[in-house]
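Values in this document were obtained by computation on a predicted structure and should not be read as measured data.
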Amino acid sequence: MFEHLFSPFQIGNLELPNRIVMSPMTTGFCEFDETVGDRFIRFYAERAKGGAGMIIIPFTPLPIGASVEPGLYDDRFIPGVRSLSAALHSQGAKSACQLIITYFAILKGQNPEVIAPSAVMNQLLRLVPRELTQEEIGLIVDAYGQSA
């Protein structure tokens, strides 16, 4: 019924071992300093071992002040990401990065705040976020570029 599911697949120059893709999901398994640690690596390595050909992992381009998604806004994150990639590749999986800002970010000071392009009720959190300024939107755009 799924005759191509387990066959290799080519996306440009990237060859995937199969067509099983794990979508990005928040695990809360990164370290308190937002780095990739052993628990995070073990979680994703098990998915690769289980047969996922491509695993998409969420990272944040801004500090969020919580261990929700690992950061990718500073070079101090590179060693953990390299270890993660090596663990996935050792199981035959490829990986991709989803850059995402969840509901919280630290743009000023040390405290995370709920932000959004407009002050419209967030139905999930049941609160109204602080509306971003044009300058802050520019900072976020730059942060995405730096993280990428």
Side-chain angles (χ1 to χ4, degrees), residues 1-107 112-118 120-132 136-148:
M1 190 154 117
F2 300 104
E3 63 184 272
H4 299 292
L5 183 60
F6 296 103
S7 63
F9 184 69
Q10 192 84 20
I11 302 173
N13 293 327
L14 179 68
E15 184 173 324
L16 301 179
N18 58 52
R19 297 159 193 242
I20 299 171
V21 177
M22 179 181 171
S23 297
M25 59 184 274
T26 298
T27 63
F29 290 166
C30 65
E31 302 299 310
F32 287 115
D33 65 356
E34 298 176 72
T35 57
V36 168
D38 291 339
R39 182 179 184 201
F40 195 89
I41 292 170
R42 280 193 314 269
F43 175 83
Y44 283 103
E46 282 298 314
R47 274 72 202 157
K49 186 177 176 182
M54 165 71 81
I55 298 175
I56 305 171
I57 302 162
F59 289 88
T60 180
L62 291 172
I64 59 174
S67 55
V68 179
E69 270 96 29
L72 206 54
Y73 52 87
D74 189 89
D75 287 349
R76 71 184 175 90
F77 298 108
I78 293 172
V81 173
R82 283 191 176 138
S83 295
L84 173 63
S85 294
L88 298 179
H89 293 167
S90 75
Q91 297 297 327
K94 305 294 184 181
S95 59
C97 170
Q98 175 197 40
L99 291 175
I100 182 172
I101 297 175
T102 54
Y103 305 104
F104 298 90
I106 299 174
L107 293 175
E113 57 183 329
V114 179
I115 58 170
S118 8
V120 175
M121 173 68 77
N122 179 310
Q123 293 299 317
L124 182 65
L125 298 177
R126 301 283 190 229
L127 55 83
V128 177
R130 181 179 67 76
E131 183 174 338
L132 292 164
E136 289 170 330
I137 292 170
L139 292 171
I140 291 170
V141 169
D142 289 345
Y144 268 86
Q146 288 297 321
S147 292

So, does R19 use its side chain to make a donor-acceptor pair with the main chain of F9 at under 3.5 Å?
-> no
Taking all non-hydrogen atoms of both residues, which atom of S118 and which atom of E131 are closest, and how far apart?
-> CA-CG, 3.8 Å
Scan for salt bridge (Lys or Arg N to Asp or Glu O under 4.0 Å) pairs involving residues 136-148, sequence neighbours excluded, and state none if there are none.
-> K108-E136, R130-E136
May I have the step-by-step check of side chain to side chain contact (heavy atoms under 4.5 Å, CB included) for V81 and F59, ending in yes or no?
-> CA-CA 10 Å; V81 173; F59 289 88; 3.7 Å; yes
Sorted by chain and residue number, the side chain to side chain contact (heavy atoms under 4.5 Å, CB included) partners of S90 (sequence neighbours excluded) come out as none
Ring pair (Phe, Tyr, Trp, His ring centres under 6.0 Å) pairs touching residues 65-85, sequence neighbours excluded, are Y73-F77
If every non-hydrogen atom of P24 is compared with every non-hydrogen atom of P58, which pair is closest and at what distance?
-> CB-CD, 3.9 Å
Report the residues that fulfil side chain to side chain donor-acceptor pair (under 3.5 Å) with D33, sequence neighbours left out, ordered by chain and then residue number.
-> T35
Determine, stepwise, if the pair I20 / L5 fulfils side chain to side chain contact (heavy atoms under 4.5 Å, CB included).
-> CA-CA 7 Å; I20 299 171; L5 183 60; 3.8 Å; yes
Separation of I137 CD1 from I115 CD1 (nearest 0.5 Å) = 9.5 Å
Taking only residues two or more places apart in sequence or in another chain, which ones pass side chain to side chain contact (heavy atoms under 4.5 Å, CB included) with P61?
-> I101, A143, Y144, S147
Mind checking the CG-CD1 spacing from L84 to I57? Nearest 0.5 Å is all I need.
-> 4.0 Å
Do you know the tightest heavy-atom contact between P70 and V36?
-> CB-CG2, 3.8 Å
Could you list the donor-acceptor pairs under 3.5 angstrom formed by side chains in residues 37-45, with sequence neighbours left out?
from: Y44; atom 1: OH; to: M25; atom 2: O; distance (Å): 3.3

Sequence neighbours excluded, the answer for side chain to side chain contact (heavy atoms under 4.5 Å, CB included) partners of A96 is M54, I56
Who pairs with S95 by side chain to side chain donor-acceptor pair (under 3.5 Å), at least two apart in sequence or on another chain?
-> none
Distance col, row N18:CG vs H4:NE2, nearest 0.5 angstrom, shows 13.5 Å
Non-hydrogen atoms of A48 and L88 that approach each other most closely | CB-CD2, 3.9 Å
When rounded to the nearest 0.5 Å, the distance separating CG of L107 from CD1 of I140 is 5.0 Å
Residue pair A93 / I55: nearest heavy atoms and the distance that separates them = CB-CD1, 4.4 Å
Output a table of donor-acceptor pairs, distance under 3.5 Å, between side-chain atoms of residues 121-128 and any protein atom two or more places apart or on a different chain; print 'none' if there are none.
from: N122; atom 1: OD1; to: L124; atom 2: N; distance (Å): 2.9
from: N122; atom 1: OD1; to: L125; atom 2: N; distance (Å): 2.8
from: Q123; atom 1: OE1; to: R126; atom 2: NH1; distance (Å): 2.7
from: R126; atom 1: NH1; to: Q123; atom 2: O; distance (Å): 2.9

For residues 45-70, which residue pairs qualify under side chain to side chain donor-acceptor pair (under 3.5 Å), counting only residues two or more places apart or in two chains?
-> T26-E69
Within 6.0 Å of CD in Q146, more than 12 heavy atoms from elsewhere = no
Kindly give the heavy-atom pair with the smallest separation between C97 and L72, and that separation in Å.
-> SG-CD2, 3.9 Å
